[in-house]
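A quick write-up on the structure given underneath.
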Amino acid sequence: MERGEELATVLSSQVSGDAAGVAVARTVREMAAAAAALSRLIGRPPLEGRLGAAHGGANSDGDKQRRLDMVAEDMFSSALREAGVAAYLSEEVEEPAILDETGALAVAIDPLDGSSNIDVNAPIGTIFSIFPMPPEALAEPALAFRQKGRAQLAAGYFVYGPQTSLVISFGAGVQLFVLDRETDLFILVEPQIVIPPDNAEYAINASNYRHWHEPMKAYIDDCVKGEEGPRGRNFNMRWIASMVADTYRIFMRGGIFLYPADAREGYEQGRLRLLYEANPVAFLAEQAGGAATDGIDPILDRTPHAPHQRVPFIMGSIEKVERVRSYYLDTAPPWQAAPLFGRRGLLRT
Ligand code: AHG
Ligand code: MN
Ligand code: MN
């Protein structure tokens, strides 16, 4: 694998020759073509109306759907059908569905991440997670998405920003490709991304401060205190509100992304969705030498129970994610519902 190679070449060397490997390569090829087409559409003058205009509907989470959410949904669901994917789950559909009964894979996708940034010319993206298709899921598609994140065969995201890029892992490191707009090919730029273990940047929506639980408040308080606080150093905050863009920055230069659980109704498990946001990014983060947890436990060890379930999400440089964990372990509940059975409780097992 060498810089300058195109995606198709890298695919042939990175995936295994068995049915699942061949299917992964075909799926990624089809998604890359969809992403290149979507990137072109996003780059065009929006003379037919804003791509961020309300579409009229809402997704299963109650989020307002925008025109581009639906265009991206159509493009990626068609691409995955074309690729012969068996089970399909998207942020924009209510229930998992079977696309091709003969397929070897299950794919969960956020077709358009960062919807609030569509009309402000900030980066947006597409996140995907690829699992093997369990045979019993043909009769009950939801079963395809009850697998732990560790079972992912591949995961990645496209970012439509100043460059259109693809960050992807097949389970042996993380590769970065950038779309050459002249040829419409994704070109390998970095064969092995390693998240730097430390960096002074953190990403969190600080307007939610009053809703956070104690450990999160304490962690951010200590960052804000800078040189005068217990950390003895100054920090910098960045929040793009497109997880793909914040994640991309962290993969390039380190740092931490936090979307914790908080006290708002509906945010008991944070905001981000396990199957098509947290799992794929967690897979990439671990493959790049970083970490991703719900504050304490690795995201990839969770067994999902519902297609659109949310999860608190702390991801980035390994030292930073570890430090957040220590804040959670060192702070007494109320941030846990059942103190007696909590990690610090008498009955901890
Ligand atoms: P989506 O556009 O798919 O709903 O996801 C948006 C996500 C994520 O990308 C971003 O980091 C976060 O929601 C922003 O949340 P806030 O608006 O609460 O800051
Ligand atoms: Mn999203
Ligand atoms: Mn989305």
Side-chain angles (χ1 to χ4, degrees), residues 31 34-35 38 42 51-55 57-77 88-94 107-129 155-161 167 201-212 216 220 237-251 255-282 284-285 292 299 307-316:
M31 283 197 293
L38 186 59
I42 291 166
L51 289 169
H55 165 75
N59 66 20
S60 54
D61 235 12
D63 294 343
K64 195 168 72 176
Q65 288 169 319
R66 296 159 193 273
R67 260 179 64 205
L68 195 60
D69 285 320
M70 302 325 288
V71 171
E73 163 63 25
D74 283 350
M75 290 171 89
F76 279 95
S77 60
Y88 175 71
L89 168 68
S90 158
E91 180 186 357
E92 308 305 340
V93 300
E94 205 68 42
V107 176
I109 191 162
D110 178 356
L112 206 286
D113 179 64
S115 302
S116 68
N117 281 325
I118 294 172
D119 286 330
V120 302
N121 206 10
I124 49 184
T126 300
I127 314 173
F128 57 89
S129 163
Y157 60 87
F158 297 95
V159 184
Y160 315 107
V167 177
E201 288 175 335
Y202 63 93
I204 192 164
N205 183 340
S207 68
N208 296 324
Y209 181 90
R210 70 190 184 286
H211 305 300
W212 295 338
M216 193 47 50
I220 297 298
M237 198 191 83
R238 288 281 181 271
W239 182 250
I240 299 176
S242 289
M243 184 176 58
V244 285
D246 283 308
T247 299
Y248 195 96
R249 182 189 61 253
I250 289 168
F251 277 45
I256 188 164
F257 175 97
L258 311 107
Y259 212 120
D262 68 46
R264 285 174 294 170
E265 200 183 330
Y267 286 76
E268 298 84 357
Q269 295 296 320
R271 170 180 167 92
L272 298 169
R273 277 60 56 101
L274 174 60
L275 280 157
Y276 40 80
E277 292 178 318
N279 257 346
V281 174
L284 292 164
I299 293 292
H308 300 286
Q309 80 184 79
R310 298 179 178 209
V311 68
F313 192 56
I314 315 295
M315 183 279 304

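Ligands are counted one by one from 1 in listed order, and the atoms in each one are counted from 1 as well. For reference, positions follow the sequence shown, starting with 1. Only a predicted model underlies this, so the values are computations on that prediction, with no experimental measurement involved.
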TODO: Run the salt-bridge test on Arg249 and Asp246 with the 4.0 Å N-O cut-off and return the result as yes or no.
DONE: yes
Open item on the list: Between Asp74 and Val71 (side chain of the first, backbone of the second, donor and acceptor by atom type, cut-off under 3.5 Å), is there such a pair?
Closed with: no
Open item on the list: Main chain of Leu68, side chain of His55: is a donor-acceptor contact present, judged purely on distance under 3.5 Å?
Closed with: no
Task: Contact (N/O only, under 3.5 Å) between Val244 and ligand 1 - done: no
Open item on the list: Between the Mn ion (ligand 3) and Glu91, which N, O or S atom of the residue is the nearest one?
Closed with: OE1
Task: Residue portion contacting ligand 1 (non-hydrogen atoms closer than 4.0 Å) for Glu92 - done: neither
Task: Phe257 and ligand 1 - part of the residue with a heavy-atom distance under 4.0 Å - done: side chain
Using a 4.0 Å cut-off to any heavy atom of [X], which atoms of ligand 1 qualify?
X	result
Asp63	4 (O)
Asn205	16 (P), 18 (O), 19 (O)
Ser242	9 (O)
Trp239	11 (O), 14 (C), 19 (O)
Ser115	2 (O)
Leu272	7 (C), 8 (C)
Asp110	3 (O)
Glu91	3 (O), 4 (O)

TODO: Just say parallel, tilted or perpendicular for the rings of Tyr157 and Tyr248, cut-offs at 30° and 60°.
DONE: perpendicular
May I ask you to identify the nearest protein heavy atom to [atom], giving residue, atom name and distance to one decimal place in Å?
atom	result
atom 18 (O) of ligand 1	Tyr259 OH, 2.6 Å
atom 5 (O) of ligand 1	Asp113 OD1, 3.1 Å
atom 10 (C) of ligand 1	Ala241 O, 3.4 Å

TODO: Would you please say whether a donor-acceptor pair under 3.5 Å links the side chains of Ser129 and Asn279?
DONE: no
- [ ] Look at Asp110 and state whether any of its N, O or S atoms is less than 2.8 Å from the Mn ion (ligand 3).
- [x] yes
Task: N, O or S atom of Leu112 closer to the Mn ion (ligand 3) than 2.8 Å - done: yes
Open item on the list: Please report the interatomic distance CZ(Arg67) to CG(Leu112), rounded to the nearest 0.5 Å.
Closed with: 12.0 Å
TODO: With rounding to the nearest 0.5 Å, note down the distance linking CZ in Arg210 to CG in Asn208.
DONE: 7.5 Å
Do any heavy atoms of [X] fall under 4.0 Å from ligand 1?
X	answer
Ser116	no
Asp69	no
Leu112	yes

Open item on the list: For a 4.5 angstrom cut-off between non-hydrogen side-chain atoms, does Ile127 reach Tyr276?
Closed with: no
Task: Flag side-chain contact, heavy atom, 4.5 Å: Tyr267 against Trp212 - done: no
Open item on the list: How wide is the angle at the Mn ion (ligand 2) spanned by Glu277 OE2 and Asp113 OD1, rounded to 10 degrees?
Closed with: 110°
Task: Residue from Ile250, Ile256, Leu258 passing side-chain contact (heavy atoms from CB on, under 4.5 Å) with Met315 - done: Ile250
Open item on the list: Can you tell me which residue among Glu92, Glu73, Met70 is in a side-chain contact (heavy atoms from CB on, under 4.5 Å) with Asn59?
Closed with: Glu92
TODO: Measure centre to centre between the rings of Trp239 and Tyr202, then say whether the value is under 6.0 Å.
DONE: no
Open item on the list: Regarding atom 12 (C) of ligand 1: of the candidates Gln65, Arg264, Met243, Arg271, which has the closest heavy atom?
Closed with: Arg271
Task: Closest contact, heavy atoms only, Glu91 versus Asp110 - done: OE1-OD1, 2.8 Å
